[in-house]
2 protein chains.
Amino acid sequence: MTADSVTTAAPTPARHRPSVMDVARLARVSVGTVSNVLNRPERVSPRTRSRVESAIAELEFVPSESARQLRAGRARSVGAIVLDVGNPFFTALTRGVEDRIGADGLALLVSSSDDDPERENRALQLYEQHGVRGVLVTPASAERADLHALRARGTTVVLMDVDGEDELPSVSVDDVLGASLPVAHLLELGHRRIALFNGPLTIHQCADRLAGARLAVVNAGLDPDEVLVEMPLPSLNAEHGTLAAERLLALPESTRPTAIFCVNDLVALGALSTLVRAGVPVPDGVAVVGYDDVPWAAMLVVPLTTVRQPTHEIGWTAADLLLRLDGEDAVGPTRVRFAPELVVRRSSDPGA
Amino acid sequence: MTADSVTTAAPTPARHRPSVMDVARLARVSVGTVSNVLNRPERVSPRTRSRVESAIAELEFVPSESARQLRAGRARSVGAIVLDVGNPFFTALTRGVEDRIGADGLALLVSSSDDDPERENRALQLYEQHGVRGVLVTPASAERADLHALRARGTTVVLMDVDGEDELPSVSVDDVLGASLPVAHLLELGHRRIALFNGPLTIHQCADRLAGARLAVVNAGLDPDEVLVEMPLPSLNAEHGTLAAERLLALPESTRPTAIFCVNDLVALGALSTLVRAGVPVPDGVAVVGYDDVPWAAMLVVPLTTVRQPTHEIGWTAADLLLRLDGEDAVGPTRVRFAPELVVRRSSDPGA
DNA sequence: TAGGCTGCGTGAAACGATTCATTGAGTGTG
DNA sequence: CACACTCAATGAATCGTTTCACGCAGCCTA
């Protein structure tokens, strides 16, 4: 095949895309009728309808969404802004949103804010211009001024993975509970010194999980300051899990924690691998608990005890809430909070 | 806060969203001038411009993308259809697409086809109606009739992760090379019986990787039928990696492969964990190699040798290609193929 | 048979931005 | 002083739908 033949293979040169008028002409009806066939087929007699339908097929007519939207006022799309689509948590969230949105034949606009209010705002503006039906946001900045302004201008906003402290609707997970479950579990197993591989408390999830851990200790009638050993990590990845585990192993036997609660599974993986490589038996030497229940958590050499969050469901529910709010028949709760679930595996329980 | 006060807090009731006309009126200019301020500010005198700009600010004017698009003919958005946004590979791909698309201020429409031609086609129709500038697709079906039809109707189409056997532009990875690299590596280390934990050959990646494995053996002057032991898996997850590893361990010592090449890292994880738990030393007893280089591959108890694919770059490049093709100044290659890279770690090389 | 329905279809008026031929004011030149 | 020329700004036409007030048969009922 020569370069020429490739050129010739190019799509039909500048043929005008057919409009309702072209269809109407071919089917010998008015444009209104074509529109009716498209949107309220029951109002058109079968004869006429089939004539219009074959005209549509013959011309390969594709309705223009922008024209429809211009007239109808509302778009058939929804925007979602997450911290990072590359992160498994948000990935599952997005998939949940997509599943709900797609059921209504709506399109999903996605972008990542990278936790940068600047980027978040750019995406918000873009989506507002596109006239989306609403926006699902995992907010980057603590101050929600942009979001409130957007809402005031008429766009529905639903927060995800954050509890709407203000009056914005939201769908979130109870991180306090999510941390108290595994810590209670460790206490029950007899652990009395528990390390917390936590992240910076400016991240609200980290702050909530610290609170949850303390709560569990208090509920057990113990003193959190004695039981919990906070070991903050600058960044929540496996490397820092490794480093923190090494620091932990360097502690004298007498004061060394016998269990580690990690703020996520990646950190737990780093910690776990370090312990195993150092010859420390898990869970008998040191128990390890993670958070998130990533797909590979159950498959590690020592299967990982962890906390499962209903990520897909959060996304689905947030989208559902958005559509409900948009539907004017706004009934039902506007602030949903899911309970996470403890998944016990060998890394904490020798019997599992 | 009572339910009543919540109701009262609702956004301004049905206030009309301002249009260019409102802005023009307030700024005492014509609509054309407002449009110029928006799109070609340099053509407007500074005095007038600032008057218009403050009117825009005062009214909180947000231009309607659908009106713009209706007139301009082309949308400021791009569609992407992948097999599953929940899959890390596609997740990274999507992020690459987003990064390229976002740089041009375009919006990204995303959906998952779940490898279902039906769903894929629905998404294609939706995006065509939205008038997207082009569509990036990881095709579900082998037959590309819909895609060709779409292209013929004027929408730019770029395939991802698939080599454009037909004349459609594409961005892909060389899977044959991707499999031959690790197999050559294993042969070099002295392995003469290598198990292939592969998936169904109907998946083109699996077929290509089998071909690549055989190629490497042939290149080493050996007989593929003697060296390679194909152990097909019905599904590419960690559980089946575990099962296959158990089958492998059940083979008599004399014929048992000394190395496993897995079609992805999840399968490799299943295999690795099973070996370690069975007390088989890795890599000295059995070496393991994966594919994908997922974020946790380096952090396992035995860090995993694997093949890294430039996923982010594939997405970025595909989006870049799309925009170039759309730009009419269509120069440069329309079929890009990336080379994967072998990442050697301890699971194959004791010295690593 | 008049009057009132019902069911189908009609076609013009939006929707809100962009474009472009045109007007008008101001400036420099012969 | 008339003329050409530039730079700003104008405003009507346009994009492709949806909507809605009407018209027109045909049919039933009184």
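None of these values were measured; they are calculated from a predicted model. Lettering of chains follows the sequences in order, A, B, ..., and the numbering in each one begins at 1.
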Specify the separation, in whole Å, of atom [atom1] of [X] and atom [atom2] of [N].
{"X": "A/R47", "N": "C/dG7", "atom1": "CZ", "atom2": "C1'", "value": "15 Å"}
{"X": "B/M21", "N": "D/dA12", "atom1": "CE", "atom2": "P", "value": "11 Å"}
{"X": "B/R40", "N": "C/dC20", "atom1": "CZ", "atom2": "P", "value": "8 Å"}
{"X": "A/N36", "N": "C/dG7", "atom1": "CG", "atom2": "C1'", "value": "12 Å"}
{"X": "A/H16", "N": "D/dT14", "atom1": "NE2", "atom2": "P", "value": "12 Å"}
{"X": "B/E65", "N": "D/dG16", "atom1": "CD", "atom2": "P", "value": "16 Å"}
{"X": "A/I56", "N": "D/dT17", "atom1": "CD1", "atom2": "C1'", "value": "13 Å"}
{"X": "A/R43", "N": "C/dT10", "atom1": "CZ", "atom2": "P", "value": "15 Å"}

Hey, what do you get for CZ (B/F90) to OG1 (B/T311), rounding to the nearest 0.5 Å?
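Spacing of CZ (B/F90) from OG1 (B/T311) equals 11.0 Å.
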Does [N] have OP1 or OP2 under 4.0 Å away from a side-chain N or O of [X]?
{"X": "B/S30", "N": "D/dT10", "value": "yes"}
{"X": "A/N39", "N": "D/dT18", "value": "yes"}
{"X": "A/S19", "N": "D/dG16", "value": "no"}
{"X": "A/S35", "N": "D/dT18", "value": "yes"}

Determine whether a donor-acceptor pair (one donor, one acceptor, N or O, separation below 3.5 Å) exists between the side chain of B/R71 and the base of D/dT14.
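Such a pair is found, so the answer is yes.
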Could you check B/Y127 against B/S111 for side chain to side chain donor-acceptor pair (under 3.5 Å), going step by step and ending with a plain yes or no?
CA-CA 10 Å; B/Y127 292 167; B/S111 61; 3.3 Å; yes
Closest-nucleotide mapping onto DNA chain C: is B/P63 or A/E42 further toward the 5' terminus? I mean the 5' end.
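With B/P63 and A/E42 compared, the 5'-side residue is A/E42.
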Might you work through the side chain to side chain donor-acceptor pair (under 3.5 Å) test for B/S112 and A/E98, ending with a clear yes or no?
CA-CA 8 Å; B/S112 308; A/E98 189 197 329; 2.9 Å; yes
With nearest nucleotide decided by heavy atoms, which residue, B/S45 or B/L70, maps closer to the 5′ end of DNA chain D?
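Its nucleotide being nearer the 5' end, the pick is B/S45.
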Looking at every strand, decide which applies to A/S64 at a 4.0 Å heavy-atom threshold: base, sugar-phosphate, or nothing.
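Sugar-phosphate only.
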Regarding B/V34, tell me which of base, sugar-phosphate or nothing describes its non-hydrogen contacts under 4.0 Å with the strands shown.
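No contact.
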Pick one: which of A/D99, A/T91, A/T317 meets side-chain hydrogen bond (donor to acceptor under 3.5 Å, both in side chains) with A/H312?
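It is A/D99; the other options fail the test.
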Between B/R151, B/R335, B/R144, which is the residue that forms a salt bridge (Lys or Arg N to Asp or Glu O under 4.0 Å) with B/E167?
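Of the listed residues B/R151, B/R335, B/R144, the salt bridge (Lys or Arg N to Asp or Glu O under 4.0 Å) partner of B/E167 is B/R151.
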Shortest side-chain distance from A/V31, nucleotide among C/dT19, D/dT18, D/dT10
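The listed nucleotide nearest to A/V31's side chain is D/dT18.
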